[in-house]
Amino acid sequence: MAMAPGRPCQHLCTNRCSIYPDRPENPCRNFDCGWKLRDSPLPDVMRPDQCGAIVILGQNWQRWSAVRAVPVGWVIPEATLRRIKAFTVSQKMVLIYHEHDQANGKLQRTHQVGFGPPEFMAAFRQAMLQGGAEEMQ
């Protein structure tokens with residue numbers, strides 16, 4: 001089974017990675033989940049398997065400090081999204097999160113949603129119209 005958005009990793013076994021010692025460099029070893037970072041500002045309730053989202057800190061989008069969030073399943077649970085939004089507001093950051101549209105258990109489309117002050121939202125909408133919202137660094 002190939003990796004795909006909205007589906008658990010093929011190596012997930014009872015809430016843990018069955019190949020962790022031998023996991024590949026990309027994407028596994030090179031990925032820094034915001035919850036696992038040393039001195040992470042995210043509380044334990046933001047652990048991906050508990051909150052339903054992977055939160056990526058330390059991102060930049062154009063001139064804004066940004067947080068990216070990706071659902072573990074099809075969507076980020078509403079309570080988790082509220083927590084992430086409150087966090088970004090408190091840190092004066094913006095948020096870009098992914099939503100997966102599905103039908104009959106199959107991914108149809110993934111799109112990005114922005115959250116932040118009006119200036120950010122205007123720039124984000126413009127980038128989305130031009131197909132350039134993936135300019136996260």
Side-chain angles (χ1 to χ4, degrees):
M1 176 167 85
M3 298 286 290
R7 291 194 184 146
C9 173
Q10 62 190 6
H11 302 292
L12 180 65
C13 177
T14 318
N15 291 326
R16 66 175 186 79
C17 176
S18 64
I19 62 162
Y20 191 81
D22 301 313
R23 68 196 185 282
E25 286 296 316
N26 256 335
C28 305
R29 290 182 189 266
N30 294 333
F31 177 74
D32 291 321
C33 174
W35 175 79
K36 269 192 102 166
L37 293 175
R38 179 186 304 251
D39 301 323
S40 174
L42 300 174
D44 283 343
V45 297
M46 293 304 294
R47 194 171 100 183
D49 64 334
Q50 293 181 9
C51 75
I54 298 169
V55 178
I56 306 163
L57 303 173
Q59 301 280 292
N60 291 303
W61 189 84
Q62 293 187 7
R63 64 182 178 90
W64 289 276
S65 294
V67 170
R68 180 172 287 219
V70 180
V72 171
W74 292 114
V75 298
I76 297 173
E78 197 57 43
T80 297
L81 198 50
R82 281 193 304 271
R83 276 192 190 102
I84 298 168
K85 286 178 177 180
F87 172 78
T88 60
V89 168
S90 74
Q91 300 297 306
K92 296 181 176 39
M93 301 171 90
V94 299
L95 170 64
I96 297 176
Y97 62 97
H98 293 229
E99 291 183 339
H100 302 306
D101 296 333
Q102 59 93 21
N104 300 320
K106 293 186 179 186
L107 179 67
Q108 301 298 308
R109 182 175 83 108
T110 296
H111 61 276
Q112 297 179 86
V113 180
F115 172 80
E119 315 84 60
F120 164 75
M121 291 304 296
F124 184 78
R125 277 189 213 99
Q126 185 64 34
M128 291 297 290
L129 289 172
Q130 295 173 350
E134 281 295 334
E135 297 170 14
M136 300 280 289
Q137 298 172 7

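The structure presented is a predicted model; accordingly, all values stated were derived computationally and were not measured.
- The shortest heavy-atom contact between Val94 and Thr88 is O-CG2, 4.0 Å.
- By the side chain to side chain contact (heavy atoms under 4.5 Å, CB included) test, Gln91 pairs with Phe87, Met93, sequence neighbours left out.
- Between Ala53 and Ile84, the shortest heavy-atom contact is CB-CD1, 4.4 Å.
- Minimum heavy-atom separation, Arg68 to Gln112: NH2-OE1, 3.5 Å.
- Using a 4.5 Å heavy-atom threshold, the side chains of Leu95 and Leu81 count as touching.
- Across Pro71 and His98, no two heavy atoms sit closer than the pair CD-O, 3.3 Å.
- Considering every non-hydrogen atom in both Cys51 and Val45, the closest pair reads CB-O, 3.2 Å.
- Annotation: side chain to side chain contact (heavy atoms under 4.5 Å, CB included) contacts of Arg82 (sequence neighbours excluded): Glu78, Ala79.
- Separating the CD atom in Gln126 from the CD atom in Gln62 is a distance of 9.5 Å, to the nearest 0.5 Å.
- Residues meeting the side chain to side chain contact (heavy atoms under 4.5 Å, CB included) test with Val113, sequence neighbours left out: Tyr97, Glu99, His111.
- With sequence neighbours excluded, the residues that form a ring-ring contact (aromatic ring centres under 6.0 Å, His included) with Phe120 are Trp61, Trp64, Phe124.
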